> 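To start, I am sharing the structure in question, which I have written as structure tokens.
The chains referred to below are lettered A, B, ... by the order of the sequence lines, with proteins before strands, and numbering in each begins at 1. Keep in mind it's a predicted model, so treat the numbers as computed, not measured.
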Amino acid sequence: MISKDVVEKVAKLSRLHLEEEEIAQYADQLNQILDTMAGLQQIDTDGVAPLAHVLPIENVFREDEVGECFTQETVLANAPEQSNGMFQVPKIV
Amino acid sequence: MKYETVIGLEVHVELATESKIFCSCSAHSFGADPNSHVCPACCGMPGMLPVVNRRVVDFGMKAGMMLNCDINRVTTFDKKSYYYPDLPGAYQTTQWFAPVAVNGRVDIETSAGKKSVRIKQIHMEEDAGKLVHDISEGTTHVDFNRTSVPLIEIVSQPDLSSAEEVEAYLVRLRTLLRYAKVAECEMAHGTMRCDVNLSVRPEGSDVLGVRTEMKNMNSIEAIKRAIEYETARHINAIENGTEVLVQETRRWDDAKGKSYAMRSKETAGDYRYFPDPNVMPVVIDDVWYETIKNSVPEFPEVKREKYIALGLTEYDAERISESIMLCECFEEASEACGNPKEVVNWITSDVMRILNAKQMTYEMLNLDNKAFGKLISLTLDGKISRANSKKILSAMFDDRAIEPEAYAEANNMLIGEQNDDLILGIVKKVVESDPKSVNDFKNGKEKALMALFGKCMKELKGNCDPQQLKVILLECING
Ligand SMILES: [Zn+2]
């Protein structure tokens with residue numbers, strides 16, 4: 001059961017600000033998702049190895065070779081704020 | 001009451017690859033402009049697709065083998081979610097469910113005796129970006145050059161109990177990873193970083209005390225100081241109730257010699273680890289496994305014993321086996337010249353002197369070791385003077401392509417028999433110009449001969465077999 005506290009905690013971990021009514025709304029929705037998942041929990045998975053990937057693809061590699069990068073200008077093109085060749089954000093410590 | 005300290009370490013080591021772990025940006029951005037080694041993949045653009053650098057897996061496996069780990073033959077990558085501006089995707093791609101190596105062991109020795117430190121696991125992951133605070137007030141600046149540089153994190157079990165043991169463990173780890181040539185492991189460069197998990201309990205108790213995690217130590221000495229401080233702080237809190245210990249992350253301030261609380265520790269559940277659907281599972285087959293296994297070098301102790309058997313002193317064997325670069329230099333040069341004892345003398349004198357003068361570490365040694373062996377042979381055979389061989393060796397440090405014999409010939413440093421006439425000519429000139437020394441010598445002053453010998457050698461620019469010169473000089477004086 002997803003309580004109001006759990007929603008608040010998840011929102012905090014995701015750095016989301018939620019209004020009171022949103023918290024209730026998301027708690028409802030998350031509970032519906034968990035109910036659906038509870039159905040899947042009924043399936044007997046004894047002896048089934050956990051799945052790391054849904055497609056039967058493995059060992060996709062690149063060799064250790066240096067390629068082209070973006071220019072600093074391109075990298076910063078979408079930055080809301082930038083200076084000194086860097087992204088600028090509110091102070092975080 | 002007596003207390004014991006319980007310490008576990010999380011050591012991050014930057015792997016010495018050319019490119020990043022999931023993209024082809026250069027992994028080496030020292031001195032580069034900020035955000036100049038960045039592509040859509042490593043700055044978290046929507047729709048980007050990470051592709052694993054095969055060498056990262058090679059190195060992860062090899063590191064695991066050096067630390068006696070079991071290798072997970074199916075190893076996968078997971079997302080670790082947390083919001084911080086140094087992580088452009090708001091998650092770090094790391095390994096949680098199936099790390100590359102598990103259940104290892106590192107053997108250390110201290111004044112308290114020998115000890116095996118158990119390794120819980122080694123996982124491969126990407127580094128975060130760099131934050132620069134307060135360029136202007138109230139701001140943080142973000143440079144993504146370092147994001148996705150490959151790391152391994154080596155997690156030990158809480159088997160360490162003193163600063164001395166931690167030092168021995170870190171030095172051993174560094175030696176082994178350098179032996180495997182998978183990492184630089186230079187704390188001053190940030191290519192080896194260490195977080196210390198520490199708690200204190202009454203001696204003999206099997207209940208763990210409150211554990212704190214310390215970050216931001218930039219040298220082994222700083223780590224030792226931090227451990228001493230933190231141990232004292234814990235004991236003081238337990239005995240005198242000076243404060244209530246809480247599980248938290250603390251930042252070590254080495255200048256002030258104190259640790260400060262950083263933030264309440266997020267628990268593993270808060271990271272919401274889940275398999276990264278963009279990174280395909282890695283399956284290590286027997287061929288791949290064996291290839292890496294076969295590339296694992298002999299351990300330092302094995303080399304040391306081998307060297308002692310070759311006739312090296314224990315002291316020299318210990319010194320050489322300290323670094324894989326010195327080992328290779330010693331072994332390859334010995335093979336080329338067939339005289340290990342002579343090679344070790346050259347390494348512990350000339351090579352170390354030149355490294356020191358150039359402010360190079362052993363790991364930066366980049367000699368053509370076979371050519372070095374050849375130079376020793378030429379010198380032992382009297383074809384190059386000892387003085388000139390030092391000059392040639394110094395030149396070989398700057399240019400790996402130098403072939404000693406050709407170089408000596410091109411620079412008139414080769415002592416050949418055709419030089420006899422030349423030597424005689426110079427000797428005659430010197431003898432004629434200094435009759436006083438000749439007379440002194442004839443009257444029994446041995447030193448006078450050395451003066452003449454020195455003058456001749458100077459004229460010859462050191463280009464002469466000393467024995468040969470001495471014979472010619474004596475013939476000339478007495479003849
Ligand atoms: Zn990139």
Side-chain angles (χ1 to χ4, degrees), chain A residues 2-3 5-18 26 30 33-34 37 40 45 47-93, chain B residues 17-19 22-28 33-40 42-43 45 51-58 74 76-77 81-86 88 90 97-98 129 131-144 262 266 270-272 275 277 279-283 285:
Chain A
I2 301 276
S3 64
D5 289 350
V6 174
V7 177
E8 278 176 338
K9 187 183 177 192
V10 172
K12 183 166 175 266
L13 288 172
S14 306
R15 308 295 186 265
L16 292 173
H17 173 77
L18 299 182
Y26 285 129
L30 288 169
I33 294 169
L34 283 194
M37 297 309 282
L40 291 176
T45 54
V48 179
L51 189 66
H53 201 270
V54 290
L55 298 174
I57 305 175
E58 58 195 32
N59 289 356
V60 178
F61 298 118
R62 29 172 290 277
E63 296 306 318
D64 183 24
E65 283 158 10
V66 174
E68 286 284 296
C69 303
F70 274 16
T71 62
Q72 186 191 72
E73 197 187 357
T74 312
V75 171
L76 296 172
N78 297 320
E81 279 188 89
Q82 54 157 298
S83 70
N84 300 75
M86 288 180 269
F87 295 86
Q88 187 181 315
V89 298
K91 184 169 175 178
I92 302 281
V93 171
Chain B
T17 58
E18 296 300 323
S19 61
F22 299 122
C23 65
S24 62
C25 292
S26 167
H28 306 278
D33 287 339
N35 295 302
S36 62
H37 290 186
V38 177
C39 73
C42 60
C43 69
M45 292 287 175
V51 183
V52 178
N53 179 343
R54 184 194 300 268
R55 187 171 285 157
V56 171
V57 186
D58 288 347
V74 178
T76 51
F77 287 89
S81 310
Y82 65 98
Y83 279 72
Y84 210 61
D86 60 1
F97 297 107
L131 300 180
V132 186
H133 302 296
D134 291 318
I135 288 181
S136 49
E137 174 130 9
T139 66
T140 292
H141 283 75
V142 192
D143 172 7
F144 287 139
M262 272 171 74
E266 284 165 331
D270 293 341
Y271 291 130
R272 292 152 290 153
V279 185
M280 304 308 138
V282 174
V283 179
D285 65 12

> To the nearest 0.5 Å, how far apart are CG in Asn84(A) and CG in Asp33(B)?
11.5 Å
> State, yes or no, whether a side-chain contact exists between Val142(B) and Val89(A) at a heavy-atom distance under 4.5 Å.
yes
> Strictly distance-based, threshold 3.5 Å: is any side-chain N or O of Asn59(A) a donor or acceptor partner for the main-chain N or O of Val283(B)?
yes
> Need one label for Val56(B): side chain, backbone, both or neither, based on atoms under 4.5 Å from any heavy atom in chain A.
neither
> Taking side chain as everything from C-beta outward and backbone as N, CA, C, O, which of these in Thr76(B) sits under 4.5 Å from a heavy atom of chain A? Side chain, backbone, both or neither.
side chain
> Give a yes or no answer on whether the side chain of His37(B) reaches the backbone of Cys69(A) with a donor-acceptor pair at less than 3.5 Å.
no
> Between Pro85(B) and chain A, which part of the residue has a heavy atom less than 4.5 Å away: side chain, backbone, both or neither?
side chain
> If you count heavy-atom pairs under 4.5 Å between each of Ile92(A), Ile57(A), Val60(A), Val75(A) and chain B, which one has the most?
Ile92(A)
> Report the C-alpha separation of Asp270(B) and Lys9(A) in whole Å, then their side-chain angles, then the decisive distance to 0.1 Å, and conclude whether the side-chain contact (heavy atoms from CB on, under 4.5 Å) test is met.
CA-CA 9 Å; Asp270(B) 293 341; Lys9(A) 187 183 177 192; 2.7 Å; yes
> Is any side-chain heavy atom of Phe87(A) less than 4.5 Å from a side-chain heavy atom of Thr140(B)?
no
> So for His133(B), is it side chain, backbone, both, or neither that comes closer than 4.5 Å to the heavy atoms of chain A?
side chain
> Tell me, do Val282(B) and Glu58(A) make a side-chain contact under 4.5 Å, heavy atoms counted?
no
> Without swapping roles, check the side chain of Asp64(A) against the backbone of Glu18(B) for a donor-acceptor pair under 3.5 Å.
yes
> Does any backbone or side-chain atom of Asp86(B) lie under 4.5 Å from a heavy atom of chain A? Answer side chain, backbone, both or neither.
neither
> Listed by chain and number, what are the side-chain hydrogen bond (donor to acceptor under 3.5 Å, both in side chains) partners of Glu68(A), not counting sequence neighbours?
none
> Do Arg272(B) and Leu13(A) come within less than 4.5 Å of each other through their side chains, counting heavy atoms only?
yes
> If I take atom CD from residue Glu81(A) and atom OG1 from residue Thr139(B), how far apart are they, to the nearest 0.5 angstrom?
9.0 Å
> Would you give the length of the straight line joining atom CZ of Phe70(A) to atom SG of Cys43(B), rounded to the nearest 0.5 angstrom?
7.5 Å
> At what distance, to the nearest 0.5 angstrom, does CG of Leu76(A) lie from CG of Asn35(B)?
5.0 Å
> Under 4.5 Å between any side-chain heavy atoms of Val66(A) and Ser24(B), yes or no?
no
> So which residue, Pro34(B), Ala27(B), Pro275(B), ends up with the most heavy-atom pairs under 4.5 Å with chain A?
Pro34(B)
> Nearest 0.5 angstrom please: Gln72(A) CD to Phe144(B) CZ, how far?
13.0 Å
> At a heavy-atom separation under 4.5 Å, does Val57(B) approach chain A through its side chain, its backbone, both, or neither?
side chain
> By a 4.5 Å heavy-atom criterion (distance strictly below it), what part of Ser14(A) contacts chain B: side chain, backbone, both, or neither?
both
> So Arg62(A) and Val52(B), do their side chains get closer than 4.5 Å, heavy atoms only?
no
> Which region of Leu55(A), side chain (C-beta onward) or backbone (N, CA, C, O), has a non-hydrogen atom less than 4.5 Å from a non-hydrogen atom of chain B, or is it both or neither?
neither
> Of the backbone (N, CA, C, O) and the side chain (C-beta and beyond), which part of Cys23(B) lies under 4.5 Å from a heavy atom of chain A, both, or neither?
backbone
> Chain B heavy atoms under 4.5 Å from Glu65(A): which part of the residue, side chain, backbone, both or neither?
backbone
> Please round to the nearest 0.5 Å and tell me the distance separating atom NZ of Lys12(A) and atom OH of Tyr83(B).
14.0 Å
